[in-house]
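Keep in mind the model is a prediction, meaning the values are calculated, not measured. Below, chains carry the letters A, B, ... as their sequence lines are ordered, and counting in each starts from 1.
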Amino acid sequence: MSLSPADLPNSYIGRSVPRPHLARLTQGRGLYVSDLSLPRMVHVAFVRSPYAHAEITRIDAQAARAMPGVVRIVTGEELAAFCTPWVGVLAHLKGLKSAPQHPMAIGRVRWQGEPVIAVLAASRAQAEDAAERIEIDFSELPPVVDVMAALDPARPVIHAELGDNLAFERRLEAGEVDAAFARSDAIVEKTFTFARHTGVTLEARSIVADWNAGEQRLTVHLGSQAPHMMQNIIALHLGLAEPQVRILCQDVGGSFGIKVHVYADDMAVAALARMLARPVKYVGDRLESFVADIHARDHVVHAKIGVSNDGVIQAFEIDDLTGIGPYSVYPRTSAVEANQVVNLVGGPYACPNYRARTRVVFQNKAVMSQYRGVGHPIATSVTEGLVDLAARRIGMDPVQIRRRNLVADNAYPCASASGLKFEALSHHASLDKLLAMMDYPALRAEQAALRARGIHRGIGFASFIEITNPGPAFYGVGGARISAQDGAAVRLDSTGAVICQTSITEQGQGSGAIIAQVVATAMGVAIENVRVILGDTDNTPYGGGTWASRGAGIGGEAAWQAGRALRDNVLKLAGTILQAVPETLDIVAGAVVDADGGTERMRLSELARIAYFRPDTLPPDFQSELMATRHYVPRQYPFAFTNGIQASYLEVDTDTGFVRLLRHWVVEDCGTIINPQLVDEQIRGGVVQGLGAALFEHCQYDDQGQMINANMADYLVPMAGEMPDIDVAHVVSPTLESALGAKGAGEAGTAGAAACVSNAVNDALAPFGVEITEIPLVPELILRALGRA
Amino acid sequence: MPAWLDGAACLPTSDGNEKGERRVKAAAFDYVRASSVADAWALLARHGAGAKLLAGGQSLLPALNLRLSAPDILIDISRIEALRGVTVSPHSVRIGALTRHADLLASPEIAAHAPLLCRAVAEVAHPAIRSRGTIGGSLANADPAAELPACTLALDARLHVEGPGGARVIASRDFFTGLFETALHPNEILVAIEIDRQPASVCGFAELARRSGDYAIVGLAAHGAIAAGVWTELRLGYFSVGTRATLATHAAGVLTGGGTLLEAAAALEHDLQPHDDLQASSATRQHLARVLLRRVVAEMESAA
Ligand SMILES: Cc1cc2nc3c(=O)[nH]c(=O)nc-3n(C[C@H](O)[C@H](O)[C@H](O)COP(=O)(O)OP(=O)(O)OC[C@H]3O[C@@H](n4cnc5c(N)ncnc54)[C@H](O)[C@@H]3O)c2cc1C
């Protein structure tokens with residue numbers, strides 16, 4: 001491999017430098033939206049629909065208006081004059097349909113939790129007291145709850161104008177599927193069920209919107225991942241020009257994809273600020289977050305694999321059904337997860353025969369959309385579950401069947417059966433590394449010895465591929481104004497310090513640290529001298545933000561290019577001052593040095609002093625340019641695929657159905673690793689969220705569409721006490737598209753964690769002939785499978 | 001699952017005007033601090049039914065925030081020092097009602113004379129909650145999923161209560177009368193828990209909780225004595241099976257009568273009426289109760 005420009009002697013690339021914001025945050029000096037208080041600010045509490053499906057027949061806010069502190073009570077009809085409705089469709093998801101959605105319900109409610117009335121008061125507590133006094137009469141309608149029922153012509157149609165409850169359908173056929181199944185020695189057919197769950201962020205969604213009538217400008221402080229997208233959308237639906245809207249996303253307490261969507265209540269707050277011409281604040285509370293934030297997953301996948309006795313996988317076939325609530329979420333839609341499932345099943349394997357169908361249906365539950373890993377956990381669980389069961393049918397070890405079928409490490413570039421293009425993956429190298437880490441033979445021996453004593457342990461694997469660094473193929477081609485490119489502006493100030501404005505954002509994952517490392521390395525300065533500015537549409541270049549594992553790979557590359565451009569400008573100036581050829585100079589540790597030998601020639605502070613205060617000493621035709629801006633978007637590949645493999649070791653208590661996680665291993669390949677600690681913690685955090693899906697998390701609904709565990713006591717998030725040690729290692733295949741070579745690492749952990757836990761549980765229960773293809777793997781499910789409940 | 005949150009998502013609010021309306025801010029209430037037990041009675045008498053005692057607040061305050069309860073005034077008894085602490089006398093151990101979970105966990109007297117409480121309280125919630133929550137609050141709250149009520153049953157504890165009408169002692173088996181209901185009269189305060197010292201006894205404890213610190217799906221606190229390999233005394237206090245902490249007298253009777261573990265497990269069906277909830281069906285709970293019986297009794301037998 002040739003040396004990339006990132007391999008500089010004074011490089012921060014590949015080093016676990018501490019995050020620059022850490023001290024501020026740990027000292028309690030973070031500034032989250034919930035900390036903000038503006039003069040004349042009012043607080044909003046929403047009255048949300050208690051029913052999944054109903055007509056609103058009467059609203060009486062008389063008593064509420066008289067409550068202390070109440071400023072205004074606003075209905076959906078009244079707010080409609082200030083905000084136009086939106087429709088969550090994209091042109092490239094052909095046939096996807098949805099209905100216009102308003103910030104607050106008008107006439108009819110379609111999910112429990114839909115905002116109906118906004119109560120604005122001097123404090124949140126007063127707003128809540130008044131909200132309790134509002135009387136709304138609802139006339140209940142039969143709800144569509146179950147995904148299966150949604151397509152039943154006897155069930156109600158949620159949006160009459162759409163004709164039916166089918167939002168989207170996609171079919172795919174590759175190779176010769178029927179012939180491949182016909183020649184298979186064993187065929188496994190199973191239904192995989194994935195519960196609905198949500199992403200629980202430490203900080204709930206929050207927004208302060210402030211309409212300044214004098215400036216005719218709306219400033220919105222928002223816990224969001226994509227400020228420019230929100231600027232465009234708020235302007236569009238409030239009837240403003242884009243420059244009239246400023247979005248600030250400063251400290252954000254976690255996102256996981258939850259905070260990249262347009263929410264009805266956020267739009268309502270922006271419109272209310274305009275309506276009242278004063279700042280309006282809304283901070284979601286824990287209970288309403290469960291029914292107001294997006295949910296994810298909720299798939300039922302009927303799936304089939306054919307394999308020959310020599311272990312060669314002949315074909316995959318899936319039929320996926322997923323429920324998305326009553327609206328496709330704006331602007332990224334609610335069809336992307338299903339689309340990804342179709343794209344990704346079978347992805348790690350060299351099997352050309354693949355048939356798939358997915359159907360996306362409306363139902364009267366909370367809206368569903370993209371959350372960490374989008375579609376990957378489903379596709380990986382289905383694929384890896386099938387592969388393990390196929391191996392079991394033909395009596396082959398799960399490692400052996402993977403070795404036989406994973407795409408060879410020297411086969412790249414190549415494409416999957418579904419047409420995904422792979423630049424360079426490392427499935428076999430990853431598998432080898434994983435087996436060595438976990439000492440597979442020793443684990444199998446231990447498993448056998450314990451099994452003889454009635455202790456049931458299981459080992460499960462999950463190979464996966466992961467979409468990162470998406471280009472415009474994701475949203476832009478579908479007509480959404482969601483930027484696929486990112487920008488960075490790097491400048492040298494008059495003391496030699498470096499400031500970088502970047503369009504990517506930070507929600508706790510360390511994007512700011514990554515940018516600082518990249519810029520410091522590109523420039524040749526100490527990282528302490530780099531300050532990163534992000535999350536402000538007034539003060540950063542235009543760009544997509546942080547989502548879909550793109551921050552480092554796209555935003556990082558823009559920062560790299562901008563840093564290198566500024567370095568060139570600095571060396572040109574240094575050459576002029578020093579009367580040297582710029583190419584013979586370099587910047588090391590904040591000083592211009594001779595490239596050959598490293599003798600210091602001048603400090604950057606001195607160079608900046610001359611540029612800013614004594615330009616009279618420079619040649620008359622020389623203009624120094626100490627700020628450089630670059631933008632980047634990948635062009636050769638629509639996505640930079642990463643890959644990896646995970647393994648789980650666990651114990652099933654067959655008397656109680658409890659699963660104890662003993663150990664978890666991950667080997668993944670995200671290309672160049674900029675900050676090993678941040679990458680490893682991204683992987684671990686992602687694994688934990690995957691383990692949550694595997695064992696705990698579930699938005700449970702009754703048959704009336706009421707979420708019945710919408711609180712932190714009954715909705716179980718994974719907690720430290722139940723988590724195993726998670727060992728992480730890497731194989732490094734940089735993308736050659738960019739100078740940095742970085743791909744994304746934010747979602748790989750989530751992609752495979754649940755899959756290998758399911759496989760490990762089935763491995764543990766193999767002596768009982770039990771095969772479970774449903775998550776979460778709660779005790780009762782396992783006991784039922786064992787015939788003990 | 002904590003019963004105070006059971007179905008909170010779809011419960012009506014305190015004034016019931018809106019199905020499904022849920023909040024996380026308490027309705028306005030008044031607050032007063034009692035300086036002594038007598039002061040607390042006086043305050044209770046003055047404010048009547050709208051008043052509630054506040055001890056550690058770890059059950060009461062969440063209920064207020066969810067507006068499942070909306071008292072007019074809280075009478076804070078948590079600073080009444082006389083109600084806090086463990087005293088050992090020749091025949092018994094007395095635990096003040098305001099003794100915190102964390103105090104129990106750290107107390108050498110409890111470790112020596114009522115080790116069952118140590119084991120149980122280690123499973124109660126998390127350190128932050130244990131450093132405020134009190135034994136009196138837990139017993140007065142009578143959550144069927146709580147550990148400590150079942151322990152008092154297993155230990156055959158006596159609960160000392162005082163009210164304007166005087167003091168009385170209630171046997172633990174008479175104290176828990178229903179879902180969040182006790183034999184306490186409205187103006188009475190639980191002041192102490194008294195447990196006989198039983199030097200030749202063994203205890204056993206196990207619970208099945210999804211996550212460390214969660215309320216259990218099923219739990220068992222047991223206490224008894226074995227002489228020459230025979231159970232001479234055994235009390236099995238189950239929690240999270242039905243509306244209140246329950247003594248499994250039939251199952252215990254089988255074992256003290258010389259029956260087998262299998263027979264005792266079968267007898268549980270006469271002792272328990274487990275409920276259905278999001279975590280487990282009644283039948284699953286019955287099954288898990290049997291599993292715990294086998295495990296806990298086997299553990300006690302091997303320890304004896
Ligand atoms: C997240 C969380 C997890 C928890 N997990 C568990 C668990 O796993 N197991 C468990 O057992 N508990 C659990 N708890 C509850 C905890 O143990 C409480 O501390 C306990 O139930 C109540 O004690 P308290 O002192 O906090 O009482 P408070 O909340 O102050 O009062 C509870 C009730 O008892 C009444 N009361 C209090 N003291 C007296 C008295 N001396 N005389 C008469 N009435 C009185 C009050 O008026 C009130 O009605 C949990 C709590 C939380 C918040």
Undergrad: Heavy-atom distances under 4.5 Å only: say whether B:Leu288 touches chain A with side chain, backbone, both or neither.
TA: side chain
Undergrad: Does any heavy atom of chain B fall under 4.5 Å from the side chain of A:Arg788, the backbone, both, or neither of them?
TA: both
Undergrad: Salt-bridge test for B:Arg290 and B:Glu269: reply yes if a basic N is under 4.0 Å from a carboxylate O, no otherwise.
TA: no
Undergrad: Please work out which of the three classes, parallel, tilted or perpendicular, describes the rings of A:Phe138 and A:Tyr51, given edges at 30° and 60°.
TA: perpendicular
Undergrad: Regarding B:Gln279 and B:Tyr215, is there a side-chain donor-to-acceptor distance under 3.5 Å anywhere?
TA: no
Undergrad: What part of B:Arg295 gets closer than 4.5 Å to chain A, counting heavy atoms only: side chain, backbone, both or neither?
TA: side chain
Undergrad: Check this for me: A:Arg453, atom CZ, are more than 12 non-hydrogen atoms of other residues, nucleotides or ligands nearer than 6.0 Å?
TA: no
Undergrad: Between chain A and each of B:Arg210, B:His287, B:Arg294, count heavy-atom pairs under 4.5 Å; write down the option with the most.
TA: B:Arg210
Undergrad: Measuring heavy-atom distances to chain B, does A:Leu783 have an atom under 4.5 Å in its side chain, in its backbone, in both, or in neither?
TA: side chain
Undergrad: State whether B:Arg67 and A:Asp129 are salt-bridged, where the test is any N-O pair (Lys NZ or Arg NE/NH1/NH2 against Asp/Glu carboxylate O) under 4.0 Å.
TA: yes
Undergrad: Pick one of side chain, backbone, both or neither for A:Val717, based on which atoms fall under 4.5 Å of a heavy atom in chain B.
TA: both
Undergrad: So for B:Ala283, is it side chain, backbone, both, or neither that comes closer than 4.5 Å to the heavy atoms of chain A?
TA: neither
Undergrad: Can you say whether the rings of A:Phe290 and A:Tyr715 are parallel (under 30°), tilted (30 to 60°) or perpendicular (over 60°)?
TA: tilted
